[in-house]
Amino acid sequence: MKKFYITTPIYYVNDKPHIGHTYTTVAADVLARWHRTLGEDIFFLTGTDEHGAKIESKAKEMGLEPKRYADEVAAVFKEAWKELNISNDNFLRTTDEAHMKAVQTALQYMYNKGDIYLSKYDGLYCRGCEQYKSERDLVDGLCPDHKIAPEKMSEECYTFKLSKYQDELLEKIKKDELKILPPNRKNEIVSFYEKEGLEDVSFSRKNINWGIPIPWDKSHTVYVWADAFLNYLTGLGWSGEAGKSPKFWPASAQLMSKDILRVHATIWPAMLLSLDLPLPEKIFIHGYFQINGQKMSKSLGNVIAPADLVKKYGVDATRYLIMSATAFGHDGDISWEKFDDKYNADLANGLGNLAARVSNLLETNKIKLNLRIGSDKKLNEECAASMQAFKFDESLKILWDKLRAGDAVLSDKKPWKLKDEAAIKNILEPIAGDILNAANLLKPFMPTVSEKVIKQFSAKQIKKGEPLFPRI
RNA sequence: CGCGGGGUAGAGCAGUUGGCAGCUCGCCAGGCCCAUAACCUGGAGGUCGCCGGUUCAAAUCCGGCCCCCGCAACCA
């Protein structure tokens, strides 16, 4: 059986889930569900990233132990995905014992191999924060929190020989052995490799306690990225053993937003090479949402939480609205107003209203049908092609064109004016069939409503029932 | 000269093998009245950022310029 393994990034627990996390996760779920309908053996992983200085200080701020704090936020993520009907097969937390142990095993192997070596890390250290700062964190050369200039400090750290894998990775990326999509993202990465190239990267921290101890030197903890990446393997039950692929590895598709593309196209595959494991087949980068033309940010107070959307539109509509908001892979602009418009136009007036008018005509005329799911081969193929190419918006457009055509035929033929049952049936049967077929193809996007429509339109005597999407 | 994306009708967007400029929403006028005041048809509305080039033909290819946005590895 064909295998399909899809991942989202694991989300950092310094923040609660917002529409950005939701976008990646719903998209992954849509793909996972679609591949399940193809009968593939699929595994869908998501989770949370819980170590690092930021979490340590955030927990401290709230007067909690880091683990306790992480437990709380991880629970919020789990709850959000449950609410959105996300069908993940596992939820990996980097504080899971098995994960931490596997990370240690893996790093020990890389160390023994000589891919990790002791070195010095030079950086700007703020005594107030007790943390290193990057140039970008500083305002006028000062720490924004403490208003003091950070000092140049240097400390020993274990460093990963990332540079060693430069040529091999560039080659594999160019040849699409590690396929980066959309193509412009591949170009971006190739040009990064060619123009800037890979430098070795620090893989341990000495002054951060909230992390996985480096097995051969317990005075260090594992740098969070090194810890986090391995989730894609440990989430499958991998024990950390080099060269030993767990059942579903390599990943068929890894979804993420553009902010973390570079590390996923450099450090992550380099670690895999170091561990003698195959690279993921594809990584797909989607865009960012802007809200009313502005970047989403806490300070602007325009952050949209998934629970807010679900409360207003319901689960299935929320999934639809997020996925249809923009071409997948591009940035998009969203707003409550646009969501309202789209909900009414596509769901209430579109799918919902068409289903209501057709089912009502069938019921009042007592017309019996015996419809079969998936009877429209052409529609199936067109949608499949779009889904394979990660063009979710295109797939939805194909379905809606079909539904619109149904409305037009009804207006044209006016079956409600006819008396002859056979004539009415001739008009309604194909449209009802289209609705059924469309519902079937909509399953990955709107699992619950689709099932409802399928049940409704598979009945011999189709009945009107309640509105699918009440107008807002 | 760090890298990348974008600038197409009032709004939001699609549109790379170059071939009369499209979609959704909104607006106007008709129609319909089965349906969730929903649906259908028609219409108005665009110098496809600016300048130049290639071509029989450019939103689409090439060069230059202006503007907006994202990223820039220890920020997870």
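All values reported here derive from a predicted model rather than from experimental measurement. So you know, we letter chains A, B, ... as the sequences are listed, proteins then strands, and number each from 1.
- B:rG53 sits 23 Å from B:rA21 when the C1' atoms are compared, rounded to a whole Å.
- OP1 or OP2 of B:rC39 has at least one side-chain nitrogen or oxygen of A:N349 nearer than 4.0 Å.
- The CD atom of A:E421 sits 19 Å away from the P atom of B:rC34 (whole-angstrom rounding).
- With a 3.5 Å ceiling on both atom-pair distances, the Watson-Crick or G-U wobble partner of B:rC65 is B:rG49.
- The aromatic rings of A:F390 and A:F328 sit parallel, their planes meeting at an angle under 30°, below the 60° perpendicular limit.
- Between A:N360 and B:rA35 there is a side-chain N or O to OP1 or OP2 distance below 4.0 Å.
- Donor-acceptor pairing under 3.5 Å, judged by distance alone, is present between the side chain of A:R205 and the base of B:rC74.
- The NZ-C1' distance, from A:K338 to B:rC25, rounds to 11 Å in whole Å.
- For A:R471 and B:rA38, the shortest distance from a side-chain N or O to OP1 or OP2 is below 4.0 Å.
- The P atoms of B:rU47 and B:rG26 are separated by 24 Å, rounded to the nearest whole Å.
- Across the interface with RNA chain B, nearest-nucleotide mapping of A:V358 and A:D407 shows A:V358 to be the residue nearer the 5′ end.
- Listed nucleotides: B:rU36, B:rA73, B:rA35. Nearest to the side chain of A:P467: B:rU36.
- Distance check, rounded to the nearest 0.5 Å: CZ of A:R93 to CD1 of A:I10 gives 11.0 Å.
- Taking the side chain of A:F192 as heavy atoms from C-beta on, and the options B:rA73, B:rC39, B:rC25, the nearest nucleotide is B:rA73.
- Here A:V224 lies in heavy-atom contact (under 4.0 Å) with sugar-phosphate atoms only.
- Pairing partner, B:rU41: B:rA29, with both Watson-Crick or wobble hydrogen-bond distances short of 3.5 Å.
- Picking from B:rA73, B:rC34, B:rC23 the nucleotide with the shortest atom distance to the side chain of A:R357 gives B:rC34.
- The CG-C1' distance, from A:L468 to B:rA35, rounds to 12 Å in whole Å.
- With C1' as the reference atom, B:rC13 and B:rG7 are 13 Å apart, rounded to whole Å.
- Of the P atoms belonging to B:rC51 and B:rA29, the separation is 37 Å, rounded to the nearest Å.
- The environment of CD in A:E65 is sparse: at most 12 heavy-atom neighbours from other residues, nucleotides or ligands sit within 6.0 Å.
- Separation of the P atoms belonging to B:rG6 and B:rC74 is 27 Å when rounded to the nearest angstrom.
- Picking from B:rC32, B:rA73, B:rC3 the nucleotide with the shortest atom distance to the side chain of A:W416 gives B:rC32.
- Whole-Å rounding puts the A:D412 CG to B:rU41 P distance at 9 Å.
- Here A:A348 lies in heavy-atom contact (under 4.0 Å) with a base.
- Listed for the A:T318 side chain is a donor-acceptor partner under 3.5 Å among the backbone atoms of A:L309.
- For A:K101, the NZ atom sits in a loose shell: 12 or fewer heavy atoms of surrounding residues, nucleotides or ligands are nearer than 6.0 Å.
- Nucleic acid contact class of A:E199 (heavy atoms, under 4.0 Å, all strands): base.
- Per the geometry, NZ belonging to A:K258 stands 12 Å off P belonging to B:rC69, to the nearest Å.
- The side chain of A:H330 places an N or O atom within less than 4.0 Å of a non-bridging phosphate oxygen (OP1 or OP2) of B:rA14.
- Pairing partner, B:rG70: B:rC3, with both Watson-Crick or wobble hydrogen-bond distances short of 3.5 Å.
- Under 3.5 Å, the side chains of A:T94 and A:E50 contain no donor-acceptor pair of N or O atoms.
- If you check every strand for non-hydrogen atoms under 4.0 Å, A:D333 touches sugar and phosphate atoms only.
- A:T8 and A:T46 are linked by a side-chain donor-acceptor pair at a separation below 3.5 angstrom, with hydrogens and angles left out of the test.
- Across all strands, A:L261 comes closer than 4.0 Å to no nucleic acid atom at all (heavy-atom distances).
- Between B:rU41 and B:rC32, the distance separating the two P atoms is 15 Å to the nearest Å.
- Taking a pair to require two hydrogen-bonding distances under 3.5 Å in either a Watson-Crick or a G-U wobble arrangement, B:rG22 pairs with B:rC13.
- With hydrogens and angles disregarded, a donor-acceptor distance shorter than 3.5 Å links the side chain of A:D316 to the backbone of A:V449.
- Contact check, A:K414 against B:rC39: no side-chain N or O comes under 4.0 Å of OP1 or OP2.
- Picking from B:rA35, B:rA73, B:rC32 the nucleotide with the shortest atom distance to the side chain of A:N353 gives B:rA35.
- Using a 4.0 Å heavy-atom cutoff across all strands shown, A:F203 reaches no nucleic acid atom at all.
- On the P atoms, B:rG22 is 23 Å away from B:rC27, given to the nearest whole Å.
- Spacing between B:rG31 and B:rA9 at atom C1', rounded to whole Å, works out to 25 Å.
- Rounded to whole Å, atom P of B:rC13 lies 13 Å from atom CZ of A:F339.
- A:Y343 has its OH atom 13 Å from the C1' atom of B:rA38, to the nearest Å.
- Checked by atom type, the side-chain pair A:Y11/A:T25 shows a donor-acceptor distance below 3.5 Å.
- Residue A:S202 is classed as a base contact, given a heavy-atom separation below 4.0 Å to a base.
- Among the atoms of the strands shown, base atoms are found under 4.0 Å from some heavy atom of A:G352.
- Nucleic acid contact for A:G329: none, since no nucleic acid atom lies under 4.0 Å from a heavy atom of the residue.
- Both A:I267 and A:R185 sit near RNA chain B, but only A:R185 has its closest nucleotide nearer the 5' end.
- Under 4.0 angstrom from either OP1 or OP2 of B:rU36 there lies at least one side-chain N or O belonging to A:K464.
- We find that CZ of A:F457 is positioned 11 Å from C1' of B:rA35, with the value rounded to whole Å.
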